[in-house]
Structures are given as structure tokens and as C-alpha cells.
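A quick write-up on the structure given underneath.
For this chain, numbers begin at 1 and follow the sequence in order. Atom set for the values below is all heavy atoms of this structure, side chains included, hydrogens, waters and symmetry mates excluded.
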Amino acid sequence: MKGNVWIYILLMAGVTYLIRMLPLVLIRREIKNKFIRSFLYYVPYVTLAVMTFPAILSETGSIWSAIAAFAVAVLLAWFGKSLLTVSVCACLTVFLLELIIV
């Protein structure tokens, strides 16, 4: 990474600003299309899932403990448990299976 670091920082800041500013400038009225509204509603959830799922599978010592913890988390979330309960139970699942497997 040779060159002036400040140029890279300013370029990243400009791109980040444009991504956030352009929708506000280009879309002046309320979005009435149901498909686009539902698409925009689910974008944050999909983005979080796409960033989280690879980490779930790669950060444990065994793929089987990762799959089991993922299954536990999905089941608990499906039944409406809180985020804290889901994450603690998934972590406990990995911990216990890693004790058994290793």
C-alpha cells in the first residue's frame, strides 16, 4: 500500500458519502410500489445474515458443532426466543459439542 494514505481515506469517505446521499437526492417522493418496499424492508436482515453465516461455519473447531449450533439458533429464533437466549444457547451448543468431539 504505497502512496499517500490520506488519498485512500478521502476516496473511501467520498464513496461512503455518495452511497448514503444519492438515495436521498434521487428519490424525492414516497415509494409506493409494494415489491420495492418489501425488498428494502428485508435488505438489513439479509445483509446481516450474509455477513454472519460464513463466520458461523468457519469459527468453530468442527463443522458439525457449527451446524448443530446453527440449527439450535434457527429453532429458538423460529419459536420467538430473545436474541440473548438464541446466542447463548448456540454458544453452549458449540462448547458442549467441542468438549465431546475433541
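Hydrophobic cluster of V15: the remaining members, joined at side-chain heavy-atom separations below 4.5 Å, are I19, listed by chain and number. Residues near L24 contribute nothing to a hydrophobic cluster around it, because no ILVMFWY side-chain heavy atom sits closer than 4.5 Å to its side chain.
To the nearest 0.5 angstrom, I100 atom CD1 is 10.5 Å from F95 atom CZ. To the nearest 0.5 Å, atoms CG (L92) and OG (S87) are separated by 9.5 Å. In this structure, the separation between CH2 on W64 and CD1 on I101 is 9.5 Å, given to the nearest 0.5 Å. With rounding to the nearest 0.5 Å, the separation of CE in M21 from CG in L26 is 8.0 Å. Atom OH of residue Y17 and atom CG of residue L22 lie 9.0 Å apart, to the nearest 0.5 angstrom.
Smallest separation of non-hydrogen atoms from L18 and P23: O-CD, 4.4 Å. Closest heavy-atom contact between A69 and V94: CB-CG2, 3.3 Å. Minimum interatomic distance between P54 and A49 (heavy atoms only, all atoms of both residues): CD-O, 4.4 Å.
R37 places a side-chain N or O within donor-acceptor distance of the main-chain N or O of I31, the cut-off being under 3.5 Å. A side-chain donor-acceptor contact under 3.5 Å links S65 to the backbone of S62.
Hydrophobic cluster membership differs between V46 and F53, with clusters built from Ile, Leu, Val, Met, Phe, Trp and Tyr side chains linked at under 4.5 angstrom. Linking ILVMFWY residues whenever their side-chain heavy atoms come closer than 4.5 Å, directly or via other members, leaves V86 and F79 in distinct clusters. Under the 4.5 Å side-chain heavy-atom criterion for ILVMFWY residues, a single connected hydrophobic cluster contains both L40 and I27. V72 and L96 fall into different hydrophobic clusters, where Ile, Leu, Val, Met, Phe, Trp and Tyr residues are linked whenever their side-chain heavy atoms come under 4.5 Å apart, directly or through other members.
Judged purely by distance below 3.5 Å, without hydrogens or angles, the side chains of S82 and T85 pair a donor atom with an acceptor atom.
No side-chain heavy atom of F70 sits under 4.5 Å from any side-chain heavy atom of I67. I7 has its side chain within reach of N4: a pair of non-hydrogen atoms, C-beta onward, lies under 4.5 Å apart.
When each of L75, L76, V88 is checked for a side-chain contact (heavy atoms from CB on, under 4.5 Å) with K81, only L76 meets the rule.
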